[in-house]
Structures are given as C-alpha cells and as structure tokens.
Amino acid sequence: MLLEQYEDDWTRLEEANEHVSGPAATEYRRRTASAAAFLGRTVRAQASVRRLIAQTDTDIHHGDAMTCVHRAETAACRTEKLLLELPADDGPDEAFCRSTCANLAYTDRDITGHRSRLSVLEREASDPMTPGPRRDRAAAQAERIRAVIGRHEASRPRALDEGGPLA
C-alpha cells in the first residue's frame, strides 16, 4: 500500500504536473523523488518487504484536504499533545493538526477537497436559519480555507505563454 501511494504521488508530480504548496512543499517533492527509486520492484520475502519499507518510508501522510510531510521536531500536533501532557506518537495526529504547522503541504488534490468544503461552509455561513455561533464559525473556517486556496494558486508557476517562468 505504501509503495502504491508513493507511486501515485510521484506520478501526479512528474507526469500530471500536480502543484504542491505550503511550508513543506519542497520536502514533499524531495521525499517523493527519493521513494521513486524503489517503484516497480518485486519483493517476495517478508524480511525484504520490511527492509524496503524502512528504506523508503517517506513519512508523508495524506489527510483531509491536507498533506503532512511529518517531521516530529516541527510537528504542531506533537507540540500540542506535549503541552496537554498527552503521549506524543511517532506519526502525525490530524485531530491536533494546526494550519500553522511547518509540516503542511497542499497538493492539487487537497485544494479540490478544500473547494468542496468551502462551498458547504459558505452556504452555512449565509443561511439565516443556522444559529449565529455556527454561522460565525463557518464564516471563519471559510476565510481560512480561502486563504489556503489563494496561497496555493498564487504560488503556482506561471506558464511561458502567460509571460512567467517555466514550471
């Protein structure tokens, strides 16, 4: 499953020119490229499978409209858990994820998820039948999502025919 995820990520980046933004975008590209060297290998022995996964584990986790390029030292979720005196696991915890985390990257797939969520939030924020606190929360969440989408689109390389540099 992990190798299939790596292959999907690599294919989207290299063949479909998927755009990646966010503080961990460069690291996402680097880790995905390093795992690509192992794609297509046939492994039969269980020990070889464990060794291969250990060598290729990119520690990239696709979540709900975000991608975590996990590094424990900079993970906001880990910091939050430690502050709450909860056990800090080795991997990310989406329940404690913060939009300010240095480990976040946004792929075009994530932005598609954000756009879907945005339309729901905008309807909820403008519905007079929705209680005021929920409308306010939906409006605030919609604003955060619009900012993520805006930064993603603004960081997209412009094509030559648009007068910008090559992607």
Side-chain angles (χ1 to χ4, degrees), residues 1-43 46 48-84 86-122 124 137-138 140-157 167:
M1 181 196 83
L2 287 174
L3 292 176
E4 287 176 6
Q5 177 187 319
Y6 303 155
E7 180 178 20
D8 184 48
D9 290 345
W10 174 253
T11 301
R12 288 172 188 267
L13 274 176
E14 292 302 309
E15 294 176 13
N17 294 318
E18 181 174 55
H19 178 56
V20 182
S21 65
T26 301
E27 185 65 11
Y28 174 85
R29 287 186 203 93
R30 188 193 67 72
R31 290 185 190 184
T32 301
S34 70
F38 295 97
L39 298 180
R41 292 190 182 214
T42 301
V43 182
Q46 196 172 30
S48 296
V49 170
R50 280 194 293 274
R51 193 170 45 254
L52 180 62
I53 288 175
Q55 291 173 354
T56 62
D57 186 9
T58 60
D59 214 4
I60 293 174
H61 307 270
H62 294 282
D64 185 20
M66 65 87 180
T67 299
C68 178
V69 184
H70 191 260
R71 218 177 107 221
E73 304 81 37
T74 57
C77 60
R78 184 175 192 276
T79 303
E80 183 75 17
K81 288 175 88 173
L82 290 173
L83 287 173
L84 295 171
L86 295 171
D89 304 324
D90 291 338
D93 188 336
E94 199 168 340
F96 289 93
C97 186
R98 301 291 176 255
S99 59
T100 56
C101 185
N103 293 348
L104 287 179
Y106 297 99
T107 65
D108 287 338
R109 291 169 278 169
D110 299 325
I111 296 302
T112 298
H114 274 307
R115 285 194 169 103
S116 296
R117 177 81 176 123
L118 180 60
S119 63
V120 170
L121 290 169
E122 288 173 336
E124 190 173 311
R137 185 178 67 215
Q141 289 174 338
E143 187 55 39
R144 282 193 297 274
I145 288 174
R146 276 193 286 279
V148 168
I149 293 170
R151 285 191 301 270
H152 182 77
E153 294 304 333
S155 70
R156 187 180 298 280

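Bear in mind that the values here come from a model prediction, so they are computed numbers and not experimental data.
Closest approach of Y106 and G22 over heavy atoms only: CD1-CA, 4.4 Å. Minimum interatomic distance between G113 and A65 (heavy atoms only, all atoms of both residues): C-CB, 4.2 Å.
D9 is not listed as a side-chain neighbour of R31, based on a closest heavy-atom distance of 4.5 Å or more. The shortest side-chain heavy-atom distance between T107 and L13 does not fall under the 4.5 Å cut-off. Looking at heavy atoms from C-beta onward, H114 lies out of side-chain contact with H152 at the 4.5 angstrom threshold.
L83 contributes atom CG, which lies 11.0 Å from atom CZ of R78 (distance to the nearest 0.5 angstrom). One distance of note links CG of L86 with SG of C77; it measures 11.5 Å at 0.5 Å rounding. Between I145 atom CD1 and L121 atom CG the span is 5.0 Å, to the nearest 0.5 Å. To the nearest 0.5 Å, atoms CG (D110) and OG1 (T67) are separated by 3.5 Å. A distance of 4.0 Å separates NZ in K81 from CG in D93, rounded to the nearest 0.5 Å. The line from CG of N103 to CD of E73 is 8.5 Å long, rounded to the nearest 0.5 Å.
The backbone N or O of D108 lies less than 3.5 Å from no partner atom in the side chain of H19, so there is not a single donor-acceptor pair. Side-chain N or O atoms of R29 include one that pairs as donor or acceptor with a backbone N or O of V20 at under 3.5 Å. Between the side chain of E94 and the backbone N or O of M66 there is no donor-acceptor pair closer than 3.5 Å.
Remark: of the listed residues R117, R146, Q141, R146 is the sole one forming a side chain to side chain donor-acceptor pair (under 3.5 Å) with E122.
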Are C101 and T79 close enough, and set up right, to give a side chain to side chain contact (heavy atoms under 4.5 Å, CB included), and what steps lead you there? CA-CA 10 Å; C101 185; T79 303; over 6 Å; no
H62 and R109: CA distance, side-chain angles, deciding distance, side chain to side chain contact (heavy atoms under 4.5 Å, CB included) verdict: CA-CA 10 Å; H62 294 282; R109 291 169 278 169; 3.8 Å; yes
